[in-house]
Amino acid sequence: MRPQFKVVSLTEAAAEKIKAIMANADEPFEGVRVGVKNGGCAGMSYTMEYAQSVNPLDEVVEDKGVRVLIDPKAVLFLLGTQMDYVTDKLSAQFVFNNPNQTSACGCGESVAITPASGEALAATA
């Protein structure tokens with residue numbers, strides 16, 4: 001049996017950071033919800049928030065002991081994305097290594113993303 005394809009995968013650093021965030025939350029949550037929204041100078045930006053419940057249409061990804069819920073409107077934009085958590089001298093942040101991203105703005109707050117093609121979807125089936 002072929003393993004189920006995950007829309008988003010996590011690096012160890014991202015999984016450990018999400019576990020730490022969830023452990024320090026004021027109340028229990030089902031996981032984190034990841035999506036995209038329109039806005040910014042490049043057209044779109046990634047979103048990430050606590051998820052109090054699983055919505056019926058959410059894509060649920062379990063990876064490295066972490067539950068990530070993908071907003072159904074974002075699945076085609078995030079297909080094949082790897083979430084990482086990167087720390088350098090000036091910042092610490094989640095980074096989305098997205099094969100569908102075509103460009104980013106200079107400030108790093110927004111991106112241009114093309115939805116995954118039919119061939120990419122067929123490869124996951």
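Worth saying up front: this structure is predicted, and the values here are computed from it rather than measured.
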**OP:** For the pair Y85 and E16, evaluate side chain to side chain contact (heavy atoms under 4.5 Å, CB included) and give the outcome as yes or no after the intermediate values.
**Re:** CA-CA 9 Å; Y85 188 75; E16 291 306 315; over 6 Å; no

Just so I know, are the side chains of [X] and [Y] near enough to count as touching, which here means a heavy-atom distance under 4.5 Å?
{"X": "V8", "Y": "K6", "value": "no"}
{"X": "F77", "Y": "N100", "value": "no"}
{"X": "M83", "Y": "I18", "value": "yes"}
{"X": "E59", "Y": "L69", "value": "no"}
{"X": "N97", "Y": "D84", "value": "yes"}
{"X": "P99", "Y": "T81", "value": "yes"}
{"X": "M44", "Y": "K37", "value": "no"}

**OP:** Run the numbers on Y50 and E30 for side chain to side chain contact (heavy atoms under 4.5 Å, CB included), then give the verdict.
**Re:** CA-CA 8 Å; Y50 289 115; E30 287 293 318; over 6 Å; no

Donor-acceptor pair, side chain of [X] and main chain of [Y], under 3.5 angstrom:
{"X": "D88", "Y": "L90", "result": "yes"}
{"X": "K19", "Y": "K64", "result": "yes"}
{"X": "D58", "Y": "V54", "result": "no"}
{"X": "D63", "Y": "L10", "result": "yes"}

Original post:
side chain to side chain contact (heavy atoms under 4.5 Å, CB included) with V34: which of L78, T47, V7?
Top reply: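 Among L78, T47, V7, the one that satisfies the side chain to side chain contact (heavy atoms under 4.5 Å, CB included) with V34 is L78.
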
Original post:
For F29 and A51, which heavy atoms make the closest approach, and how far apart are they?
Top reply: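 Taking every non-hydrogen atom into account, CB-O, 3.5 Å.
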
Subject >> Derivation and outcome, side chain to side chain contact (heavy atoms under 4.5 Å, CB included), residues Q82 and T11 >> reply: CA-CA 7 Å; Q82 181 188 59; T11 64; 3.4 Å; yes

**OP:** Taking atom CD of Q52 as the centre, report whether more than 12 heavy atoms of other residues, nucleotides or ligands fall under 6.0 Å from it.
**Re:**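 12 or below, so no.
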
Original post:
Any ion pair linking R33 and D71 (charged N to carboxylate O, less than 4.0 Å)?
Top reply: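 Salt bridge flag = no for R33 with D71.
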
**OP:** First locate atom CG of L76, then atom CD1 of I70, and finally report the distance between them rounded to the nearest 0.5 Å.
**Re:**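 Spacing of CG (L76) from CD1 (I70) equals 12.0 Å.
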
Original post:
Same hydrophobic cluster for Y46 and V95, using side-chain heavy-atom links shorter than 4.5 Å among ILVMFWY?
Top reply: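 No: no chain of side-chain contacts under 4.5 Å links Y46 to V95.
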
